[in-house]
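Step one of this worksheet: look at the structure below.
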Amino acid sequence: MSKDRQFDNFDEFAEDYCEMCNQVVKSSGANRDYFSEYKIVELLKFEKPKEELRILDFGCGDGSSAFFIRKHFPNAAVFGVDVSEKSITIAQKRNITNTIFNKFDGIKLPFKEEEFDIVFTSMVFHHIEHKLHKGVLKEICKVLKKEGRFYNFEHNPNNPLTKKAVNECEYDKDAVLLKPSYNKKITSNSGLKVEKLNYTLFFPRHKLFNFFLGLEKILTWCPIGAQYYVKAIKII
Ligand SMILES: C[S@@+](CC[C@H](N)C(=O)[O-])C[C@H]1O[C@@H](n2cnc3c(N)ncnc32)[C@H](O)[C@@H]1O
C-alpha cells in the first residue's frame, strides 16, 4: 500500500468489475447480483419501500446496488456518488429511472445539508484510509435528514473465508477491513446513533444449504457471518 493512499479509485477495474466480482463469489453458489440484492432486501426489514424516499448510494461503483434500490423502492429518488469516473459512466449507461450518478472528490459530498432519508454504502469503507473515516462519516451525517438512516455494509474480518477471498482479490489488494467494533465506534462518534450491528451470510448459497438459509435471520448476533452491517440514525 502506498504511504499516501487516501482511497482506492476503481477506474482501473471499472470495465471488468462485474465479472471479477462474479469470479470472487463463484464458490459461494451465487452471483454478484445476488449479493447486491440481498443488502437491499435487508433494508426492507426497517424501511417502508412505498414511501417517496431520497436515497444516496455512497461509493455506488457501477450502479449494481442502485439497480436493486430502484427495484425495491419504486417511489424513491436514487442518487449515487463515487470517486471512479469510469464506474460512474458505466452506472449512467444502465439508464435506471429516477436515478442520478455523479463523480465526486471522495471527501466532500456534492449535496446540501439534510437532503437524504437514507444513505446506503456497500464495501466502500475498507477502500478508504482509516484516518479519513471520521471526515467521511461527518459528510454522510451532514447530508442525512434528522432521523435519517445510515446503512454501512462491510466484509467481516472475523470470518476466515472472507479474509481469504479479500486477500486473493486483485481489487482488494490495498483494502484494510474494518472490525465491527471499530465500525460501530466511529459511527457513534459522528452524530449517529447505532441501532444495529447485524451479521449476515453464514451459509453457502448452493441448493444443498437451502434449508439452513432460514436460520440466518436468527443468527444476526453471531460474529462470524461473512459480512455485517451497521444501521444508525441521525439524532442531531
Ligand atoms: C468494492 S467497490 C464497491 C462498489 C459498490 N458499492 C458495490 O457494492 O458494488 C468500492 C467502491 O468504492 C469507491 N470508493 C473508494 N473511495 C471512495 C470514497 N472516498 N468515496 C466514495 N467512493 C469511494 C471505489 O471507486 C469503488 O467503486
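- When atom types are taken as modelled, the side chain of E154 and the backbone of P180 share no donor-acceptor pair closer than 3.5 angstrom.
- Distance alone, capped at 3.5 Å, is enough to place a donor-acceptor pair between the R5 side chain and the D174 backbone.
- A chain of hydrophobic side-chain contacts below 4.5 Å, direct or via other Ile, Leu, Val, Met, Phe, Trp or Tyr residues, connects I118 to L44.
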Walk me through it: do K39 and D57 pass the test salt bridge (charged side-chain N to carboxylate O under 4.0 Å, His left out)?
CA-CA 12 Å; K39 299 172 191 124; D57 181 1; over 6 Å; no

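- The CZ atom of F120 sits 10.5 Å away from the OH atom of Y151 when rounded to the nearest 0.5 Å.
- The line from SG of C21 to CG of D62 is 7.5 Å long, rounded to the nearest 0.5 Å.
- Minimum heavy-atom separation, E115 to K112: OE2-N, 2.6 Å.
- When hydrophobic residues (I, L, V, M, F, W, Y) are linked wherever their side-chain heavy atoms come within less than 4.5 Å, the members clustered with V166 are L177.
- Residue pairs that meet the ring pair (Phe, Tyr, Trp, His ring centres under 6.0 Å) test with at least one member in residues 5-28, sequence neighbours left out, are F10-F13, F10-Y17, F10-H127, F10-Y171, Y17-Y171.
- Distance alone, capped at 3.5 Å, places no donor-acceptor pair between the T187 side chain and the V194 backbone.
- In the hydrophobic cluster analysis, where Ile, Leu, Val, Met, Phe, Trp and Tyr join through side-chain heavy atoms closer than 4.5 angstrom, I186 is grouped together with I107.
- With sequence neighbours left out, K45 forms a salt bridge (charged side-chain N to carboxylate O under 4.0 Å, His left out) with E42.
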Could you go through K134 and L137, starting from their C-alpha distance and side-chain angles, then the distance that decides it, and tell me whether this counts as side-chain contact (heavy atoms from CB on, under 4.5 Å)?
CA-CA 5 Å; K134 197 173 154 201; L137 282 164; 6.0 Å; no

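- Listed by chain and residue number, nothing satisfies the side-chain hydrogen bond (donor to acceptor under 3.5 Å, both in side chains) test with S190 (two or more places apart in sequence, or in another chain).
- Nearest approach of A30 to F35, heavy atoms of both residues: CB-CE1, 3.8 Å.
- Using cut-offs of 30° and 60° on the angle between ring planes, the pair F116 and F111 is perpendicular.
- Across every non-hydrogen atom of C169 and V24, the tightest pair is SG-CG2, 3.9 Å.
- Contact detail for F150 and L192: the closest heavy-atom pair is CD2-CD1, 4.0 Å.
- To the nearest 0.5 angstrom, S64 atom OG is 8.5 Å from I40 atom CD1.
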Tabulate below the donor-acceptor pairs under 3.5 Å that side-chain atoms of residues 70-81 make, not counting sequence neighbours, or state none.
from: R70; atom 1: NE; to: T97; atom 2: O; distance (Å): 2.8
from: R70; atom 1: NE; to: T97; atom 2: OG1; distance (Å): 3.4
from: R70; atom 1: NH1; to: F73; atom 2: O; distance (Å): 3.0
from: R70; atom 1: NH1; to: P74; atom 2: O; distance (Å): 3.3
from: R70; atom 1: NH1; to: A76; atom 2: O; distance (Å): 3.4
from: R70; atom 1: NH2; to: A76; atom 2: O; distance (Å): 2.8
from: R70; atom 1: NH2; to: T97; atom 2: O; distance (Å): 3.1
from: R70; atom 1: NH2; to: N98; atom 2: O; distance (Å): 3.1
from: K71; atom 1: NZ; to: E37; atom 2: OE2; distance (Å): 2.7
from: H72; atom 1: NE2; to: E37; atom 2: OE2; distance (Å): 2.7
from: N75; atom 1: ND2; to: K50; atom 2: O; distance (Å): 2.7

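- Aromatic ring centres of H130 and F125: separated by at least 6.0 Å.
- Aromatic ring centroids of H155 and Y228 lie 6.0 Å or more apart.
- Separating the CG atom in L56 from the CD1 atom in I100 is a distance of 11.5 Å, to the nearest 0.5 Å.
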Let's go through E47 and R149 carefully: what are the C-alpha distance in whole Å and the side-chain angles of both, what is the deciding distance for side-chain contact (heavy atoms from CB on, under 4.5 Å) to 0.1 Å, and is it a yes or a no?
CA-CA 9 Å; E47 301 293 340; R149 283 79 66 201; 2.6 Å; yes

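- Crowding of I224 atom CD1: a count of heavy atoms from other residues, nucleotides or ligands under 6.0 Å not exceeding 12.
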Test side-chain contact (heavy atoms from CB on, under 4.5 Å) applied to F153 and V230, step by step
CA-CA 7 Å; F153 283 79; V230 171; over 6 Å; no

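- Within the structure, the salt bridge (Lys or Arg N to Asp or Glu O under 4.0 Å) test picks out the following pairs touching residues 183-202 (sequence neighbours left out): E195-K231.
- Applying the salt bridge (Lys or Arg N to Asp or Glu O under 4.0 Å) rule to pairs touching residues 155-168 yields K164-E168, sequence neighbours excluded.
- Side chain of E114 to backbone of L144: no donor-acceptor contact under 3.5 angstrom is found.
- Within the 3.5 Å criterion, the main-chain N or O of K146 finds no donor-acceptor partner in the side chain of K234.
- Under the 4.5 Å side-chain heavy-atom criterion for grouping Ile, Leu, Val, Met, Phe, Trp and Tyr, M123 is connected to Y38 within one hydrophobic cluster.
- Within the structure, salt bridge (Lys or Arg N to Asp or Glu O under 4.0 Å) pairs that include any residue of residues 75-91 do not occur (at least two apart or interchain).
- The backbone N or O of N31 sits nowhere less than 3.5 Å from a side-chain atom of N22 that would complete a donor-acceptor pair.
- In this structure, the side chain of T200 engages the main chain of Q227 through a donor-acceptor pair within 3.5 Å.
- For the pair D117 (side chain) and R54 (backbone), a donor-acceptor distance under 3.5 Å is present.
- Partners of N9 by side-chain contact (heavy atoms from CB on, under 4.5 Å), not counting sequence neighbours, listed by chain and number: D11, V83, S84.
- Taking hydrophobic clusters as Ile, Leu, Val, Met, Phe, Trp and Tyr residues chained together by side-chain heavy-atom distances below 4.5 Å, Y229 does not share a cluster with L197.
- Counting only distance, with no hydrogens or angles, the side chain of Q23 and the backbone of M20 share no donor-acceptor pair below 3.5 Å.
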The test is side-chain contact (heavy atoms from CB on, under 4.5 Å); show your working for F67 and I69 and say whether it passes.
CA-CA 6 Å; F67 176 84; I69 295 174; over 6 Å; no

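- Sorted by first and then second residue, the salt bridge (Lys or Arg N to Asp or Glu O under 4.0 Å) pairs with a member in residues 22-31 form an empty list; sequence neighbours excluded.
- Contact check for F58 versus V136: side-chain heavy atoms found under the 4.5 Å cut-off.
- In this structure, the separation between CD on E170 and CG on D16 is 9.0 Å, given to the nearest 0.5 Å.
- In this structure, the side chain of D105 engages the main chain of K108 through a donor-acceptor pair within 3.5 Å.
- Ionic pairing of D8 and K173 is not present here: no N-O contact between side-chain nitrogen and carboxylate oxygen is shorter than 4.0 angstrom.
- F101 and C60 get closest at one heavy-atom pair: CD2-SG, 3.7 Å.
- Remark: D172 engages no residue in a salt bridge (charged side-chain N to carboxylate O under 4.0 Å, His left out) (not counting sequence neighbours).
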Would you give me the side-chain donor-acceptor pairs under 3.5 Å for residues 212-223, sequence neighbours excluded?
from: E216; atom 1: OE1; to: R205; atom 2: NH2; distance (Å): 2.7
from: E216; atom 1: OE2; to: F202; atom 2: N; distance (Å): 2.6
from: E216; atom 1: OE2; to: F203; atom 2: N; distance (Å): 3.0
from: E216; atom 1: OE2; to: R205; atom 2: NH1; distance (Å): 2.9
from: K217; atom 1: NZ; to: G214; atom 2: O; distance (Å): 3.3
from: W221; atom 1: NE1; to: I218; atom 2: O; distance (Å): 3.0

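- Separation of atoms CG (N152) and CG (L178) is listed at 7.5 Å; rounding is to 0.5 Å.
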